[in-house]
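Below is one structure, written out as structure tokens, with a few remarks after it.
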Amino acid sequence: MTVVRAKKQLGQHFLKDKNIAQKIVESLESDCSKVLEIGPGMGVLTQFLFQNSSYKTIALDVDRESIDYLKRNYPEYENQIQFGDFLKADLRDYFNEDEKVAIIGNFPYNISSQIFFKILDYKNNIPEAVGMIQKEVAERLASPPGSKQYGILSVLLQAYYDIEYLFTVHEQVFIPPPKVKSAVIRLKRNAVSQLGCDEQLFRKVIKAAFNQRRKMMRNSLKSLILSDDFEHPMMQKRPEQLSVAEFIELTNAISKVKN
């Protein structure tokens with residue numbers, strides 16, 4: 001039987017445990033009519049996605065060998081198996097402007113953060129995402145304010161999504177085995193449509209703060225605040241102590257000073 005060769009440069013580690021694969025697919029809860037799978041590889045998730053007729057699955061992979069393999073093994077779904085780079089793609093090529101689509105995949109560790117930033121760009125079209133990623137990254141995304149893992153992507157994602165750490169996956173169920181444990185998380189879109197602040201400035205504040213996370217906010221945000229007279233209670237804290245709501249409040253205060 002022909003198999004796909006795992007390519008280190010693509011961060012490929014193929015899941016071989018079908019029970020875990022089925023569990024990941026069954027973690028999808030939304031009623032989207034379309035599911036976009038990122039990096040199907042040899043189709044361990046794809047086989048269960050294709051079996052579910054309640055939604056249409058598009059399997060998108062940047063690896064030509066994987067695409068050829070899937071088309072040979074699932075010829076009846078050939079049109080739903082597509083070559084493409086999720087990070088570079090205009091996702092409107094896969095769904096309409098007002099269409100809701102769920103994202104799923106065993107995300108390559110080396111680009112998992114970029115995948116989540118891309119999901120944020122299309123947050124109004126993506127009500128749910130289920131992904132397997134490196135365990136420590138999963139813990140970071142789901143961590144609350146006050147924890148050491150809480151960081152840039154934690155705040156940005158938690159502004160728009162409720163995040164659940166679902167379960168841990170051990171190294172030996174992959175070919176080749178990674179050097180770290182994995183975990184499956186689920187993002188579900190919350191009710192926030194607008195943050196109530198300048199969202200570009202919000203991102204700048206968060207990135208500037210966490211890029212110097214050991215410093216208090218008054219030091220890490222000096223480059224963003226032009227006035228030496230700026231006073232705010234949040235400026236006496238470190239970034240991991242601030243909730244999403246507090247970052248929004250601080251962004252609005254900074255916006256007033258800048259304007």
Side-chain angles (χ1 to χ4, degrees), residues 11 85-91 103 107-126 129 131 133-165 180 183 185 187-259:
D85 186 339
F86 177 79
L87 296 181
K88 295 177 181 177
D90 180 348
L91 299 191
I103 300 291
F107 302 156
Y109 294 154
N110 56 341
I111 60 165
S112 62
S113 293
Q114 294 164 269
I115 288 171
F116 288 114
F117 278 116
K118 182 89 170 191
I119 287 171
L120 278 172
D121 290 340
Y122 291 87
K123 57 188 176 293
N124 293 330
N125 294 93
I126 301 173
I133 57 178
Q134 188 173 336
K135 182 175 185 284
E136 66 177 37
V137 177
E139 289 171 340
R140 190 184 312 151
L141 299 188
S143 64
S147 67
K148 288 182 180 179
Q149 293 103 326
Y150 190 66
I152 294 173
L153 206 47
S154 317
V155 182
L156 291 175
L157 284 172
Q158 289 175 30
Y160 300 101
Y161 288 92
D162 297 324
I163 304 175
E164 298 173 84
Y165 183 107
V180 293
I185 62 167
L187 279 61
K188 298 193 81 170
R189 189 74 167 83
N190 61 26
V192 174
S193 56
Q194 300 290 331
L195 289 185
C197 68
D198 180 332
E199 295 190 20
Q200 282 190 322
L201 182 59
F202 176 73
R203 285 195 179 203
K204 287 180 181 177
V205 168
I206 292 165
K207 288 180 179 179
F210 281 104
N211 282 338
Q212 301 183 69
R213 65 179 300 141
R214 292 184 179 179
K215 293 185 178 181
M216 287 190 175
M217 303 288 282
R218 66 170 183 265
N219 294 317
S220 57
L221 297 186
K222 277 182 179 177
S223 62
L224 284 178
I225 302 166
L226 303 178
S227 171
D228 293 331
D229 301 327
F230 182 77
E231 293 285 343
H232 196 281
M234 307 303 172
M235 299 298 279
Q236 309 305 317
K237 295 184 176 183
R238 289 188 172 84
E240 68 268 17
Q241 296 175 290
L242 272 64
S243 67
V244 171
E246 288 172 323
F247 269 111
I248 292 170
E249 182 186 331
L250 181 59
T251 301
N252 280 327
I254 292 171
S255 186
K256 285 180 182 178
V257 172
K258 291 175 80 70
N259 292 333

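The figures that follow rest on heavy atoms only: side chains count, while hydrogens, waters and symmetry mates do not.
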*Answer yes or no: is there a donor N or O on one side and an acceptor on the other, between the side chain of Tyr122 and the main chain of Leu91, under 3.5 Å?*
yes

*Taking the six-membered ring for Trp, are Phe210 and Phe247 parallel (under 30°), tilted (30 to 60°) or perpendicular (over 60°)?*
tilted

*Are any of the side-chain heavy atoms of Met234 and Gln241 separated by less than 4.5 Å?*
no

_Inter- and intrachain pairs under side chain to side chain donor-acceptor pair (under 3.5 Å), touching residues 211-220, at least two apart_ = Gln212-Lys215, Arg218-Gln236

*Examine Lys207 relative to Phe117 and say whether NZ or CZ is less than 6.0 Å from the centre of the six-membered ring and inside a 45° cone about the ring axis.*
yes

*Looking only at non-hydrogen atoms, find the nearest pair between Pro239 and Ala209 and report the distance.*
CG-O, 3.5 Å

*In Å and rounded to the nearest 0.5 Å, what is the CD to CD distance from Gln149 to Glu136?*
9.0 Å

*Tell me, with the steps shown, if Tyr165 and Lys135 meet side chain to side chain contact (heavy atoms under 4.5 Å, CB included).*
CA-CA 9 Å; Tyr165 183 107; Lys135 182 175 185 284; 3.4 Å; yes

_Working to the nearest 0.5 angstrom, can you tell me the gap between Gln200 CD and Thr251 OG1?_
12.0 Å

*Side chain proximity check, Leu156 to Arg203, heavy atoms < 4.5 angstrom*: yes

*Roughly how far, to the nearest 0.5 Å, is CD1 of Ile133 from CZ of Arg140?*
8.5 Å

*Measure across Phe202 and Val244 and return the closest heavy-atom pair with its distance rounded to 0.1 Å.*
CE1-O, 4.3 Å

*Do side-chain atoms of Lys118 reach the backbone of Leu87 as a donor and acceptor pair under 3.5 angstrom?*
yes

_Could you check whether any side-chain heavy atom of Met235 comes within less than 4.5 Å of a side-chain heavy atom of Leu221, counting everything from C-beta outward?_
yes

*Grab the two heavy atoms, one from Gln158 and one from Ile163, that are nearest each other, plus how far apart they are.*
CG-CD1, 3.8 Å

*Is the closest side-chain heavy-atom distance between Asn124 and Arg189 below 4.5 Å?*
yes

_Measuring from atom CG of Asn252 to atom NE2 of His232, what distance do you get when rounded to the nearest 0.5 angstrom?_
9.0 Å

*Indicate the atoms forming the closest heavy-atom contact of Val137 with Ser112, along with that distance.*
CG1-OG, 4.3 Å

*Measure the CG-NZ distance between Leu242 and Lys237 for me, rounded to the nearest 0.5 Å.*
6.0 Å

*Sole residue of Leu141, Ile152, Leu153 in side-chain contact (heavy atoms from CB on, under 4.5 Å) with Ser113*: Leu153

*Rounded to the nearest 0.5 Å, how far does CG of Leu224 lie from CZ of Phe230?*
10.5 Å

_Quick one, Phe86 and Ile111 - any side-chain contact, counting heavy atoms below 4.5 Å?_
no

_Would you say that more than 12 heavy atoms from the other residues, nucleotides or ligands in this model lie under 6.0 Å from the NZ of Lys204, or not?_
no

_Shortest non-hydrogen contact between Ile126 and Tyr161, atoms and distance_ = O-OH, 2.6 Å

_Which heavy atom of Leu250 sits nearest to which heavy atom of Met217, and what is that distance?_
CD2-CE, 3.5 Å

*asked:* Set out, in order, the CA-CA distance, both residues' side-chain angles and the distance that settles side chain to side chain contact (heavy atoms under 4.5 Å, CB included) for Leu195 and Tyr160, then state yes or no.
replied: CA-CA 9 Å; Leu195 289 185; Tyr160 300 101; 3.2 Å; yes

